[in-house]
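Only one structure is covered here, and it is reproduced in the block below.
Starting from 1, each residue takes its place in the sequence as its number. Note that the structure is a prediction, hence the values are computed from the model and not measured.
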Amino acid sequence: MNVIVIHGSYGKPFENWFPWIEQKLNLKGIECYVPTFPTPAYQNYSSWKTLLDFYVEKGIVNENSVIVGHSCGATFATKYLIDTKIKVNALITVSGYNLFYSGDFMDELNKSFYFNEDECKLFCNEIFSFYSDNDPFIPQEKLKSFAKTIKATPIQVFHAGHFNEAAGYKEFQQLYELILKLHSKTDAE
């Protein structure tokens with residue numbers, strides 16, 4: 001099993017809990033990749049798909065993979081699986097949403113990631129959605145409806161904000177434990 005973490009708008013692989021989870025998983029012998037997706041310049045579905053396609057072509061993203069998407073990275077990952085019909089072991093979303101328009105510049109960055117239908121469950125053995133009760137960017141109803149739409153097991157975390165460094169998320173123990181549980185389940189099969 002391996003893990004691919006997809007950051008969101010203005011995200012980088014060396015911020016928030018991304019380097020921490022990569023290091024923790026690699027120490028456990030679980031390969032973890034945190035690619036740099038172009039943002040904000042060239043942030044659109046086509047350019048992000050081109051990068052993830054590379055990981056698929058190299059055999060890194062496959063039926064044993066766990067994809068973790070943060071913020072619009074969760075939206076992109078969901079659309080990618082529906083669009084390409086690539087099967088993965090699990091999809092884990094963190095502050096994921098769909099069809100959310102705030103009326104600011106972020107709408108233009110994120111709109112190409114939105115999807116109108118969901119067949120995501122067909123391409124994942126399991127789906128989990130982490131969301132916080134006090135996300136400062138995404139309304140609760142959008143976070144909850146996203147989890148329901150993609151038929152995810154919802155995991156509400158209290159006072160986690162947007163699961164970023166500003167909310168104190170340099171580490172993400174619950175995510176780490178969930179991935180270890182998925183790994184041990186995969187090993188048992």
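For F137, the ring-ring contact (aromatic ring centres under 6.0 Å, His included) criterion is met by H162, not counting sequence neighbours. Considering only residues two or more places apart in sequence or on other chains, E22 meets the side-chain contact (heavy atoms from CB on, under 4.5 Å) condition with N26, C32, V34. For the side-chain contact (heavy atoms from CB on, under 4.5 Å) test, residues two or more places apart in sequence or in another chain that qualify with K170 are E165. Residues satisfying the side-chain contact (heavy atoms from CB on, under 4.5 Å) criterion with F14, sequence neighbours excluded, are K12. For N16, there are no side-chain hydrogen bond (donor to acceptor under 3.5 Å, both in side chains) partners at least two apart in sequence or on another chain. With sequence neighbours excluded, no residue satisfies ring-ring contact (aromatic ring centres under 6.0 Å, His included) with Y97. Residues meeting the side-chain contact (heavy atoms from CB on, under 4.5 Å) test with S112, sequence neighbours left out: N44, Y45. Residues meeting the side-chain hydrogen bond (donor to acceptor under 3.5 Å, both in side chains) test with Y131, sequence neighbours left out: none.
The stretch residues 58-68 participates, sequence neighbours left out, in these side chain to side chain donor-acceptor pair (under 3.5 Å) pairs: N2-S65.
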What side-chain donor-acceptor pairs closer than 3.5 Å can you find for residues 142-157, not counting sequence neighbours?
from : atom 1 : to   : atom 2 : distance (Å)
K142 : NZ     : L99  : O      : 3.2
S145 : OG     : E141 : O      : 3.0
S145 : OG     : K142 : O      : 3.3
T149 : OG1    : S145 : O      : 2.7

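Between V94 and W17 the shortest side-chain heavy-atom distance falls below 4.5 Å. Side-chain contact check for F76 versus Y114: every heavy-atom pair is 4.5 Å or farther apart. In this structure, I6 and Y80 have side chains that are not in contact, with every pair of non-hydrogen atoms separated by 4.5 Å or more.
Taking each heavy atom of A74 and T93 in turn, the nearest pair found is CB-CB, 3.6 Å.
Taking a 4.5 Å side-chain heavy-atom cut-off between Ile, Leu, Val, Met, Phe, Trp and Tyr, the cluster of M106 extends to Y10, F105, L109. Clustering of Ile, Leu, Val, Met, Phe, Trp and Tyr side chains at separations under 4.5 Å leaves F158 isolated, with no partner residue.
Centroid-to-centroid, the aromatic rings of F172 and F18 stay 6.0 Å apart or farther.
The pair K49-D53 counts as a salt bridge, with a side-chain nitrogen and a carboxylate oxygen less than 4.0 angstrom apart.
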